[in-house]
J.: 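Below: one structure in C-alpha cells.
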Protein chains: 2
Amino acid sequence: MTISKKYTIEDIAEHAGVSIKTVSRVFNNSPNVRQQKRDLVLGVARDLGYRPNISARQLASKRSFVISHFHDNPNTDYLSEIYDGMRRACSEQGYYAVAEKLEPKKGSYRHALLEYLLRYEVDGVILSPPVSDDNSVIREIKKRGIPYALISPGKKKKDGINVFINERDAGRSITDFLIERGHKQLAFISGLDSHAASLEREAGFWEAIAASDIPKKNVLRLAGDFSMQSGFRAFEKLTKKAPNVTGIFAANDEMAVGTIVAALRAGKKVPEELSVVGFDDSPFARSMWPTITSLAQPIDDMAHLSTQKLIDWIHSDRLKESQFEFATQIIVRDSCP
Amino acid sequence: MTISKKYTIEDIAEHAGVSIKTVSRVFNNSPNVRQQKRDLVLGVARDLGYRPNISARQLASKRSFVISHFHDNPNTDYLSEIYDGMRRACSEQGYYAVAEKLEPKKGSYRHALLEYLLRYEVDGVILSPPVSDDNSVIREIKKRGIPYALISPGKKKKDGINVFINERDAGRSITDFLIERGHKQLAFISGLDSHAASLEREAGFWEAIAASDIPKKNVLRLAGDFSMQSGFRAFEKLTKKAPNVTGIFAANDEMAVGTIVAALRAGKKVPEELSVVGFDDSPFARSMWPTITSLAQPIDDMAHLSTQKLIDWIHSDRLKESQFEFATQIIVRDSCP
DNA sequence: ATCTTGTTTGACAACGCTGTCATCATAGCG
DNA sequence: CGCTATGATGACAGCGTTGTCAAACAAGAT
C-alpha cells in the first residue's frame, strides 16, 4: 500500500465534472441529487480513495460528528463492549465515538456533564447506568436539544432513545432455570439498590419463586454491591444463616465469581453441592473455573443500535422510534449445568 | 452555571487590543511575544472563558491534535489505565486521546495500522505490547515522521520514546520476596513467550534462584499464556509433577487468580500451604480472596509521561530524551504476606 | 544621530468544507 | 404552447484558526 495523496472535495468535483456542492450533497446524503450523478461522484471518490476532511466539516457545519458515552462504571469489560458497539456504528457513518467517565458531585452527574459540554461539542449522547437514571442530566441534555439514548434506563423516556432488555423477565427466566434443575433452597445476591436494573432482576427472581412450589422461607436475599468482594461475603453469611441453600442467583457475574471462590475455599463442590448462576455473561463468566452459567445481554448490539438510531435522529432531526427491547439468552456453563 | 457564549479568537483580540495573530501566538506558545502581552491575552481569555476551536485549528494547521494508542490486548483494566494516563496529559494540552485495537494479519499489525492511518490523521502514537514489538509497524510510523512512544517494548528504540520498568529486576525482586519467606520449592508460571516482558520477568526469576541456595531441581517452570485458565491448568500440572511446591510466581495477576482458585478447589490453603505472587497489581489482585501479593508498575504514570513527552516532541519537533525507566513496588497482600 | 540586526506585531490569504441563495432544467397543467 | 411548480445544480461567502510575509519597533554598534 502506498501513501496516497490526500484529495479534497474540489478534486472529486473536477474529476466528476460537477460542482463541489454536489459532491458535498452526495456525501451528506442530501436529497435532490440525481441518482446518476450520485453514483458518478461515489465512483470517482472510491477510485481516488477520497475521505471528507472532518475538521473542515466540523468547522463549516458547526456539527462535531462526535457521539459521547457518559458513564460511571468501573466495569471496564462492560464499557469496552459499549465502546465497540458505538465505534462500529460511528465508523460506518463517519462519526467519532468518545467515552467519558463522569464523577458524581453530591450524587448528581449534572455538574460533571456541564463541565464537559463547556469544553467539547457533541452531536449526540449515550447514557448508561447509573448516569442514565440521573434526571438532572437528562434535563440538561434535552434543554440543549441534543439527541440522546439511554442504555438500560430505570425509567424509560418517551422523547429519547431507550435500549434495554426486560430485566424482570430475564431475572425470572434464569431463576426458573435454577428451579427446573431441582433446587429447593435458593438465595439471591443483590446488586446496588440504586441500580434500577438490579431491582428488576430481583423482582423477576421473586416472581419465579412465587410461581413455583418453593416456600418463601426457603429463600434468602443477601445484599451485595456488584463487587467480587461482596460475593465472598454473601457466601460467608449464607453458611451461617442458611447452609442448606443449593442454588444461588447473583445479580452479576463478579459476585458469582466471589461466591464460587468462597465456596471452593470452604470445601463446597461447585456445581455438585452448590449451583451458581450469574448475570451479564461478562469475561469473568467464561474465564472462571468452573465457568459460570449466566444470562447474556447483547450489550455490544445494544450500543450499536442506539448509536445508529442516534445518528439517524441527528440527520433527520426527529426521533422516530423510541423503544428498543433486546432478547436475552441463558449461557449454560459448568457452575449450573 | 449558565450556557456561556462561545468566544472566538477575534473577540479575545479585540478585548485585549491586539491582533488575532498575537492571540494565536499566545495559545500556541510561540516565541516572540512580549511577556506583558502574553499575560494580558491570557487574562482576557480566562475572564471570557475562551477556548480555541479545535476544528479550525486542525484545518488551518493541518495538525490533528490526536494521539492514538494502538494495542491488541484483551485486558481492559490495563487499557483503561493507559487511557486515563493519556487523557490526563492530553487534556492539559488541548489534545485528544484515542485508543484503537489493531487486529493482526498474519502476525503483523502493519496492515491494520495503514488502514487506520488512511482514515485518520494522528500527531503522535503510543504503542503497547504486543504492537510495540512489531517492527513493521514502527517502520511505517517512522517513515511518516510521526512521533511515537513505546510502552514496555521488548527492544528499546533510540529514536523514539521508551517508557518501561526493568522487568528483569522486578522479576528478581518479587522472587527474592518469595525466597525470603522461606520457600524452598518454587514454580514460575510464564506468560506468552512472544511477550518480551514475560521472558524478562522469567530471566529475573532465574537470576534470583541462582543467587539463592535453592537447587535448580527444586524449581519448576510451567507454561502459561496470561489467561486465568492457564493458571488453573498450571496448578493441575503442578500437583502431578511437583506437589511439594510452596511458592509460585505467576507472570501476571490473572494467572495468579487461576492458580489460587484451583488450589482452593483442591483443598490447599492459601497462603498457609501455598503462597502465590502475581505481577501488574491489576484489579484482580485487589478483588480476589485472598487478595494477591503483586508487583505494581505505574501504568497510569507511564502513559501520562509518554503522552507528555510525545506532545513535547510534536511541538519542538525534536526528540530530547528517549529512555524513561519507572520504579516498581511490591504490594504485599494475603496470598503471600 | 544613523545604520544594522533581530525581535515583535499585524494584514491577509489560505485550510476544506457547508449554508444560502440564485439559477437552470424538467414536468405537469390549462 | 406558455406558465408554474418543483427538482437539480452551482457560485460564493463564511466557519475560526494558522502560515506567510511585510512592517514596525527596539537595541546596539558606529
Side-chain angles (χ1 to χ4, degrees), chain A residues 5-42 44-45 48-66 94-96 119-121 123 314-315 317, chain B residues 4-42 44-45 48-66 93-96 119-121 123 314-315 317:
Chain A
K5 174 192 179 313
K6 285 276 158 64
Y7 290 97
T8 74
I9 200 171
E10 219 150 343
D11 299 320
I12 307 306
E14 191 170 343
H15 277 259
V18 299
S19 75
I20 59 171
K21 187 67 228 202
T22 299
V23 178
S24 168
R25 286 199 180 91
V26 169
F27 274 88
N28 286 283
N29 277 311
S30 304
N32 302 341
V33 178
R34 212 161 306 195
Q35 189 58 41
Q36 167 206 4
K37 289 221 164 171
R38 198 179 286 274
D39 294 340
L40 172 65
V41 168
L42 249 21
V44 171
L48 267 47
Y50 165 73
R51 306 207 175 255
N53 178 308
I54 302 184
S55 314
R57 279 182 120 169
Q58 291 173 332
L59 184 58
S61 68
K62 301 182 164 220
R63 287 193 284 147
S64 67
F65 294 89
V66 166
Y95 274 69
Y96 280 118
R119 302 171 66 103
Y120 299 103
E121 213 70 43
D123 285 351
I314 294 166
H315 284 165
D317 204 32
Chain B
S4 60
K5 175 189 180 314
K6 285 275 158 65
Y7 290 98
T8 75
I9 200 171
E10 219 149 345
D11 299 320
I12 308 306
E14 191 170 342
H15 277 258
V18 299
S19 76
I20 60 172
K21 187 67 229 202
T22 298
V23 178
S24 168
R25 286 198 179 90
V26 169
F27 274 88
N28 287 283
N29 276 310
S30 304
N32 301 340
V33 177
R34 211 160 308 199
Q35 189 59 42
Q36 166 205 8
K37 288 218 167 173
R38 199 179 285 276
D39 295 339
L40 172 64
V41 168
L42 249 21
V44 170
L48 267 46
Y50 165 73
R51 305 206 176 256
N53 178 307
I54 302 184
S55 312
R57 280 184 119 169
Q58 291 173 332
L59 183 59
S61 69
K62 304 186 161 214
R63 287 193 285 146
S64 66
F65 295 88
V66 166
Q93 311 265 356
Y95 274 70
Y96 281 117
R119 302 172 67 102
Y120 300 102
E121 213 71 43
D123 285 350
I314 294 167
H315 284 164
D317 203 33

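Chain naming here is simple, since letters A, B, ... match the order of the sequence lines and numbering starts at 1 in each. Computed from a predicted structure; not experimentally measured.
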J.: Is there a donor-acceptor contact under 3.5 Å linking the side chains of A:Tyr120 and B:Arg51?
T.: no
J.: Quick check for you: name the first and last nucleotides of DNA chain D, 5' to 3', having an atom under 4.0 Å from a heavy atom of chain A.
T.: D:dG7 to D:dG16
J.: Report yes if some heavy atom in the side chain of B:Phe65 is under 4.5 Å from a heavy atom in the side chain of B:Glu121; otherwise report no.
T.: no
J.: With B:Glu10, which residues qualify under side-chain contact (heavy atoms from CB on, under 4.5 Å), at least two apart?
T.: B:Thr8, B:Ile20
J.: For the helix from C:dA1-D:dT30 to C:dG30-D:dC1, what is the angle between the axes at its two ends, each from 5 pairs, rounded to 10°?
T.: 40°
J.: What is the distance, rounded to the nearest whole Å, between atom CZ of A:Arg63 and atom P of C:dT18?
T.: 8 Å
J.: Are there any protein N/O atoms within less than 3.5 Å of an N/O atom in nucleotides 6-9 of chain C, and if so, which ones and at what distance?
T.:
unit_1: C:dT8; atom_1: OP2; unit_2: B:Asn32; atom_2: OD1; d: 2.9
unit_1: C:dT8; atom_1: O3'; unit_2: B:Arg34; atom_2: NE; d: 3.4
unit_1: C:dT8; atom_1: O3'; unit_2: B:Arg34; atom_2: NH2; d: 3.2
unit_1: C:dT9; atom_1: OP2; unit_2: B:Arg34; atom_2: N; d: 3.1

J.: Measure from CZ on A:Arg51 to P on C:dC15 and round the result to the nearest Å.
T.: 22 Å
J.: For residues 23-34 of chain A, run the donor-acceptor check on the side chains, cut-off 3.5 Å, and write out each pair with its distance to 0.1 Å, sequence neighbours left out.
T.:
unit_1: A:Asn28; atom_1: OD1; unit_2: A:Arg57; atom_2: NH2; d: 3.2
unit_1: A:Asn28; atom_1: ND2; unit_2: A:Ser24; atom_2: O; d: 2.7

J.: Could you check how far CD1 of A:Ile54 sits from C1' of C:dT18, rounded to whole Å?
T.: 15 Å
J.: I need the CD-C1' distance between B:Glu14 and C:dG10, as an integer number of Å.
T.: 15 Å
J.: Which is true for B:Tyr50 with a 4.0 Å heavy-atom rule: it touches a base, it touches only sugar-phosphate, or it touches nothing?
T.: sugar-phosphate
J.: Under the side chain to side chain donor-acceptor pair (under 3.5 Å) rule, collect the residues that match up with B:Ser64, sequence neighbours excluded.
T.: B:Asp123
J.: What residues, two or more places apart in sequence or in another chain, satisfy side-chain contact (heavy atoms from CB on, under 4.5 Å) together with B:Ala60?
T.: none
J.: Rounded to the nearest Å, what distance is computed from the NZ atom of residue A:Lys21 to the C1' atom of nucleotide C:dT18?
T.: 5 Å
J.: Round to a whole Å and report the spacing from CD1 of A:Ile20 to C1' of C:dC15.
T.: 13 Å
J.: How many Å lie between CG on A:Asp11 and C1' on C:dC17, as a whole number?
T.: 13 Å
J.: Between A:Tyr95 and A:Arg63, is the side chain to side chain contact (heavy atoms under 4.5 Å, CB included) condition met? List the steps.
T.: CA-CA 11 Å; A:Tyr95 274 69; A:Arg63 287 193 284 147; 3.1 Å; yes
J.: Between B:Tyr50 and B:Ile9, is any pair of side-chain heavy atoms under 4.5 Å apart?
T.: yes
J.: Return the NZ to CG distance between B:Lys37 and B:Leu40, rounded to the nearest 0.5 Å.
T.: 8.0 Å
J.: Kindly write out the residues that satisfy side chain to side chain donor-acceptor pair (under 3.5 Å) with A:Asn53, not counting sequence neighbours, or none if the list is empty.
T.: none
J.: For B:Gln35, what residues pass the side chain to side chain donor-acceptor pair (under 3.5 Å) criterion, not counting sequence neighbours?
T.: B:Asp39
J.: Using a heavy-atom cut-off of 4.0 Å across all strands, would you classify B:Phe65 as base, sugar-phosphate, or nothing?
T.: nothing
J.: Report the distance from atom CD1 of B:Ile9 to atom C1' of C:dA11, rounded to the nearest whole Å.
T.: 14 Å
